[in-house]
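Data block below; observations after.
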Amino acid sequence: MKEQTYILKNFSEFEPKHIFECGQCFRWNKEEDGSYTGIFNENVLNVKKENGQIIFKGICKQDIKKVCIKYFDLERDYKKIKRKITIDEYMREAIAYGSGIRILNQDLWEVIISFIISANNNIPRIKGIIERLSKAYGKPIKYNGKTYYTFPTKDELFNVTIEDYRKLGLGFRDKYIYKTVHTIDLETINTKEDLLKLSGVGEKVADCIMLFGMNKFEVFPVDVWVRRVMNDLYIKSENEEKVNKEEIRKLAKEKYNDLCGIAQQYLFYWKREA
DNA sequence: CACCAGGCAAGCC
DNA sequence: GGCTTGCATGGT
């Protein structure tokens with residue numbers, strides 16, 4: 001396939017590091033020149049910010065401009081979003097820290113499986129598992145002398161056994177993935193209730209799937225990091241582990257309303273990097 | 001060595 | 001319904 005290029009000029013609120021390292025995605029990796037290369041759907045792209053321009057290069061089945069506008073959420077006004085959620089000095093600082101974050105428009109299936117894998121796991125290891133899973137069961141795509149692998153579809157995982165998953169290092173999540181592959185009907189996934197029926201999907205994973213795979217910005221996924229930052233900033237309990245997650249979600253709802261999810265990303269990236 | 005990681009399911013009461 | 005416990009693995 002032929003390489004395409006798309007260049008974005010005079011475009012603010014786009015910082016590759018912030019976008020790819022804020023924890024929303026697992027398949028983008030930094031190159032030596034500071035750019036990032038990743039694969040999503042059947043597209044392999046390299047994203048580089050240089051002299052204020054954003055340069056997208058890679059192989060896409062469709063027009064690269066269309067692909068990028070959708071995937072990178074380029075038509076949304078993040079300046080306006082930031083204004084709305086800057087309700088105090090804490091959020092001002094968090095936003096300043098991850099100023100170039102955008103919420104990617106990721107494939108729902110990939111997000112579901114990826115965040116089931118994320119449970120009680122750390123980001124480097126999640127990335128490793130997803131790479132091994134893709135290499136074993138996805139389709140190869142060559143770009144710039146390297147081979148990338150698409151995220152395996154439901155059909156491609158259908159005959160994979162629990163033991164196979166275990167060998168890839170999925171740990172106790174092997175059976176969750178197996179069950180979900182064999183019971184899910186993607187066409188009927190619309191609400192949080194639908195997600196919670198899936199094996200391996202609880203409150204936090206469901207919220208991540210809604211935020212990253214369904215464009216629902218009103219959810220506020222609470223993991224250990226977010227609980228930590230919300231307790232440090234607002235709740236100030238001596239026993240952070242005991243702070244009720246429902247209380248945190250309610251507090252976030254009061255503060256950030258329908259933009260909870262974006263606020264959560266700024267907070268997560270800020271607290272986790274610092 | 002113990003502890004932790006973008007938690008969840010199962011088993012208790 | 002809410003609370004506790006076990007869980008695979010790799011990194012500090």
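We name chains A, B, ... by the order of the sequence lines, and we start the count at 1 in each one.
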- Message: Less than 4.0 angstrom between a side-chain N/O of A/Arg228 and OP1 or OP2 of B/dA5, yes or no?
- Response: yes
- For DNA chain C, what residues of residues 194-209 of chain A have any heavy atom nearer than 4.0 Å? none
- Query: Do the side chain of A/Lys79 and the main chain of A/Ser12 share a donor and acceptor less than 3.5 angstrom apart?
  - Reply: no
- ring pair (Phe, Tyr, Trp, His ring centres under 6.0 Å) partners of residues 177-204 of chain A, not counting sequence neighbours, each pair once: A/Phe158-A/His182, A/Tyr178-A/His182
Would you mind writing out the side-chain donor-acceptor pairs for residues 199-214 of chain A within the sub-3.5 Å range, not counting sequence neighbours?
| unit_1 | atom_1 | unit_2 | atom_2 | d |
| --- | --- | --- | --- | --- |
| A/Glu203 | OE1 | A/Lys192 | NZ | 2.9 |
| A/Asp207 | OD1 | A/Lys192 | NZ | 2.7 |

- Message: For A/Thr86, is there any backbone N or O sitting under 3.5 Å from a side-chain donor or acceptor partner on A/Arg92?
- Response: no
- Message: Run A/Glu163 and A/Arg166 through salt bridge (charged side-chain N to carboxylate O under 4.0 Å, His left out) and show every step you take.
- Response: CA-CA 5 Å; A/Glu163 291 72 27; A/Arg166 185 59 65 97; over 6 Å; no
- Touch check for A/Cys22, heavy atoms < 4.0 angstrom, all strands: base, sugar-phosphate only, or nothing? base
- Item | Range on DNA chain C touched by chain A, heavy atoms, distance below 4.0 Å | C/dC7 to C/dG10
Extract from the structure each pairing of a protein N or O with an N or O of nucleotides 11-13 of chain B at less than 3.5 Å, listing the distance.
none

- Message: From C-beta outward on A/Asn122, which listed nucleotide comes closest to its side chain: B/dG7, B/dA5, B/dA10?
- Response: B/dA5
- Decide yes or no on side-chain contact (heavy atoms from CB on, under 4.5 Å) for A/Ile117 and A/Ile130, but give the supporting numbers first. CA-CA 8 Å; A/Ile117 294 169; A/Ile130 292 174; 4.1 Å; yes
- Item | Stepwise side-chain contact (heavy atoms from CB on, under 4.5 Å) test for A/Ile129 and A/Ile126 | CA-CA 5 Å; A/Ile129 291 170; A/Ile126 297 165; 5.9 Å; no
Do any side-chain atoms of residues 249-257 of chain A form donor-acceptor pairs under 3.5 angstrom with protein atoms, and if so which ones, sequence neighbours left out?
| unit_1 | atom_1 | unit_2 | atom_2 | d |
| --- | --- | --- | --- | --- |
| A/Arg249 | NH2 | A/Glu246 | OE1 | 3.0 |
| A/Lys253 | NZ | A/Glu218 | O | 3.1 |
| A/Tyr256 | OH | A/Tyr234 | OH | 3.4 |

- Query: Starting at OH of A/Tyr176 and ending at C1' of B/dG7, how long is that distance when rounded to a whole Å?
  - Reply: 8 Å
- Message: Under 4.0 Å, counting only non-hydrogen atoms across every strand here, what does A/Lys175 touch: a base, just sugar-phosphate, or nothing?
- Response: sugar-phosphate
- Task: Report the distance from atom CD1 of A/Ile117 to atom P of B/dG7, rounded to the nearest whole Å.
- Result: 14 Å
Can you list, pair by pair, the side-chain donor-acceptor contacts under 3.5 Å of residues 50-70 of chain A, counting residues two or more places apart and other chains?
| unit_1 | atom_1 | unit_2 | atom_2 | d |
| --- | --- | --- | --- | --- |
| A/Lys61 | NZ | A/Glu42 | OE1 | 3.4 |
| A/Asp63 | OD2 | A/Lys66 | N | 3.4 |

- Message: For a side-chain contact (heavy atoms from CB on, under 4.5 Å) check, start with the C-alpha distance between A/Asp88 and A/Met91, then their side-chain angles and the critical distance, and finish with the verdict.
- Response: CA-CA 6 Å; A/Asp88 58 24; A/Met91 188 51 72; 3.5 Å; yes
- Message: Under 4.0 Å, heavy atoms only, any strand: does A/Glu246 hit a base, just the sugar-phosphate, or nothing?
- Response: nothing
- Message: Does any part of the side chain of A/Asp73, heavy atoms only, come nearer than 4.5 Å to the side chain of A/Tyr78, both counted from C-beta?
- Response: yes
- For A/Arg166, which contact category applies under a 4.0 Å heavy-atom criterion: base, sugar-phosphate, or nothing? sugar-phosphate
- Within the structure shown, what part of the strands sits under 4.0 Å from A/Tyr269 by heavy-atom distance: base, sugar-phosphate, or nothing? nothing
- Send over the distance from A/Lys271 NZ to B/dC4 P, rounded to a whole Å. 16 Å
- What's the CZ-P distance between A/Arg272 and B/dC4, to the nearest Å? 16 Å
- Task: Return the value, rounded to whole Å, for the distance between atom CD of A/Glu241 and atom P of B/dC3.
- Result: 11 Å
- Item | Nearest-angstrom distance, P atom, C/dA8 to B/dG11 | 14 Å
- Whole-Å distance between B/dC8 P and A/Ile126 CD1? 12 Å
- Note on the structure: So, with a heavy-atom separation below 4.0 Å from DNA chain C, the residues of residues 104-111 of chain A are none
With a cut-off of 3.5 Å and sequence neighbours excluded, list every side-chain donor-acceptor pair involving residues 16-28 of chain A.
| unit_1 | atom_1 | unit_2 | atom_2 | d |
| --- | --- | --- | --- | --- |
| A/Lys17 | NZ | A/Glu21 | OE1 | 3.1 |
| A/His18 | ND1 | A/Ser99 | N | 3.4 |
| A/His18 | ND1 | A/Gly100 | N | 2.9 |
| A/His18 | NE2 | A/Tyr97 | O | 3.4 |
| A/Glu21 | OE2 | A/Tyr36 | OH | 2.4 |
| A/Gln24 | OE1 | A/Leu104 | N | 2.8 |
| A/Gln24 | NE2 | A/Ile19 | O | 3.0 |
| A/Gln24 | NE2 | A/Arg102 | O | 2.8 |
| A/Arg27 | NE | A/Glu131 | OE2 | 2.8 |
| A/Arg27 | NH1 | A/Ser134 | OG | 3.3 |
| A/Arg27 | NH1 | A/Tyr149 | O | 2.8 |
| A/Arg27 | NH2 | A/Glu131 | OE1 | 3.1 |
| A/Arg27 | NH2 | A/Glu131 | OE2 | 3.3 |
| A/Arg27 | NH2 | A/Tyr149 | O | 2.8 |
| A/Trp28 | NE1 | A/Tyr71 | OH | 3.1 |

- Donor-acceptor pair, A/Ser114 side chain versus A/Val111 backbone, under 3.5 Å? no
- Item | Under-4.0 Å salt bridge between A/Arg76 and A/Glu13 | no
- Inspect the surroundings of NZ in A/Lys216 and state if more than 12 heavy atoms from other residues, nucleotides or ligands are less than 6.0 Å away. no
- Under the side chain to side chain contact (heavy atoms under 4.5 Å, CB included) test, residues paired with A/Thr37 that sit two or more places apart: A/Glu31, A/Val44, A/Asn46, A/Tyr148
Ignoring hydrogens and angles, write down the donor-acceptor pairs under 3.5 Å from the side chains of residues 267-274 of chain A, residues two or more places apart or on other chains.
| unit_1 | atom_1 | unit_2 | atom_2 | d |
| --- | --- | --- | --- | --- |
| A/Lys271 | NZ | A/Asp232 | OD2 | 3.1 |

- Message: Among residues 213-222 of chain A, which ones have heavy-atom contacts with DNA chain C below 4.0 Å?
- Response: none
